[in-house]
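Encoded as structure tokens, the structure appears first; notes follow it.
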Amino acid sequence: CWAGDLKEMAPPNEWLVAGSWERLIDYDTPKWPAVVHVQADVRLVGPDTGVGPANDLLSANLMARNAKALGAGRAPWFYLSSNGCAYANAHSDQGPTQYYKFETPIKFGAWNRLRMALNYRTHICDFFVNGKKIGSLPFGGSGEQFTSALIEMAAWNDPSFDVKPYKAYWDNVLVWAMPARK
């Protein structure tokens, strides 16, 4: 089990990130299209900050990372928010970045299983909370390959928001691939 808390303060109007962990994998999805699953049990502990995206002040994140030969790529990410919801986001060549999709209530302070299934043939990511599919988003673009899974705790540095009571936990981080069907 890996745990993180936010102790260091960044300058105002910047993100605070606590000890992120990243596992490099570098799977050649353009050559061997696959459905890559990124899953973790995630727990966020601390005071509930209210309802809706405006109260998303701190999050425990699970990310899938992509890269192209010429620079960084786009990828989906999934997280538990301090407002008691799970949210999905995705960068894509197929349109603008999509934020705050599939607002799904979670058991705040309890373990929740987050899973993303990234289909590198269709560039659609399916998002699951506690085994239930909550939606799909386009991600990435052609020629991108899966490079890593990342976990982190992050908050927007607002001097009026106290990050000290929050802790995030991750366990059972899994990444696996299955051939993508046509």
Side-chain angles (χ1 to χ4, degrees), residues 1-4 15 17-44 56 59-81 85-107 110-154 168-182:
C1 179
W2 187 87
W15 285 102
V17 176
S20 62
W21 173 88
E22 184 168 16
R23 173 66 182 183
L24 299 177
I25 295 171
D26 232 4
Y27 183 80
D28 192 351
T29 49
K31 187 173 182 180
W32 296 293
V35 177
V36 177
H37 297 264
V38 178
Q39 175 179 290
D41 295 332
V42 184
R43 181 176 167 219
L44 182 60
D56 174 31
S59 60
N61 304 323
L62 174 64
M63 299 176 159
R65 299 244 220 180
N66 293 324
K68 283 189 176 188
L70 299 172
R74 289 130 330 264
W77 69 102
F78 209 9
Y79 61 94
L80 301 183
S81 169
C85 288
Y87 291 103
N89 297 321
H91 292 294
S92 173
D93 283 348
Q94 302 172 32
T97 298
Q98 299 188 50
Y99 295 103
Y100 295 111
K101 296 297 180 181
F102 321 124
E103 183 175 50
T104 303
I106 51 126
K107 296 175 185 171
W111 287 101
N112 292 271
R113 178 161 288 166
L114 302 182
R115 180 166 59 98
M116 296 178 285
L118 295 82
N119 186 322
Y120 281 88
R121 188 172 300 282
T122 63
H123 291 280
I124 298 293
C125 180
D126 296 330
F127 296 88
F128 300 82
V129 175
N130 298 322
K132 181 181 177 190
K133 182 177 174 180
I134 61 167
S136 303
L137 291 174
F139 75 93
S142 64
E144 288 189 358
Q145 69 182 48
F146 178 80
T147 57
S148 66
L150 173 84
I151 58 177
E152 70 179 8
M153 183 170 152
Y169 302 88
W170 296 265
D171 204 355
N172 303 316
V173 177
L174 297 172
V175 178
W176 72 95
M178 299 167 45
R181 296 183 182 165
K182 292 185 179 190

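Computed from a predicted model, the values in this text were never measured in an experiment.
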Practice task
Could you give me the CA-CA distance, side-chain angles and deciding distance for F146 and V38, then say whether side chain to side chain contact (heavy atoms under 4.5 Å, CB included) is met?
Solution key: CA-CA 11 Å; F146 178 80; V38 178; 3.9 Å; yes

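A pairwise comparison of heavy atoms in A168 and L44 identifies CB-CD1, 4.2 Å as the closest pair. In terms of heavy-atom proximity, V175 sits nearest to A149 at CG2-CB, 3.8 Å. Heavy atoms only, all atoms of each residue included: A88 and F102 are closest at CB-CD1, 3.7 Å. Scanning all heavy atoms of the two residues, the minimum distance from S81 to D56 falls at OG-OD1, 2.7 Å. Between C125 and L118, the shortest heavy-atom contact is SG-CG, 4.1 Å. Nearest heavy atom pair, residue N112 against residue K107, reads ND2-O, 3.2 Å.
A distance of 10.5 Å separates CZ in R115 from CG in L174, rounded to the nearest 0.5 Å. Here S59 contributes atom OG and L80 contributes atom CG; the two are 8.5 Å apart, rounded to the nearest 0.5 Å. Remark: Q39 CD to L114 CG distance equals 9.0 Å, nearest 0.5 Å. Rounding to the nearest 0.5 angstrom, the gap separating the CE atom in M63 from the CG atom in N89 is 8.5 Å. Annotation: the span from D126 atom CG to N119 atom CG amounts to 8.0 Å, rounded to 0.5 Å. With rounding to the nearest 0.5 Å, the separation of OH in Y169 from CD1 in I151 is 13.0 Å.
Between Y79 and Y87, the angle of the ring planes lies from 30° to 60°, which puts this pair in the tilted group. Using bins of under 30°, 30° to 60° and over 60° for the plane-to-plane angle, the ring pair H91/Y99 lands in the perpendicular bin.
For the pair N61/L150, no side-chain contact is recorded, criterion being any heavy-atom separation below 4.5 Å from C-beta on. At a threshold of 4.5 Å between non-hydrogen side-chain atoms, the residues N172 and W111 do not count as touching. Counting heavy atoms from C-beta on, the side chains of I124 and P138 come closer than 4.5 Å.
Considering Y120, W176, F127, F78 as possible partners of H37, the one that fulfils the ring pair (Phe, Tyr, Trp, His ring centres under 6.0 Å) test is W176.
Proximity of a side-chain donor or acceptor of N66 to a complementary backbone N or O of A64 within less than 3.5 Å is not detected.
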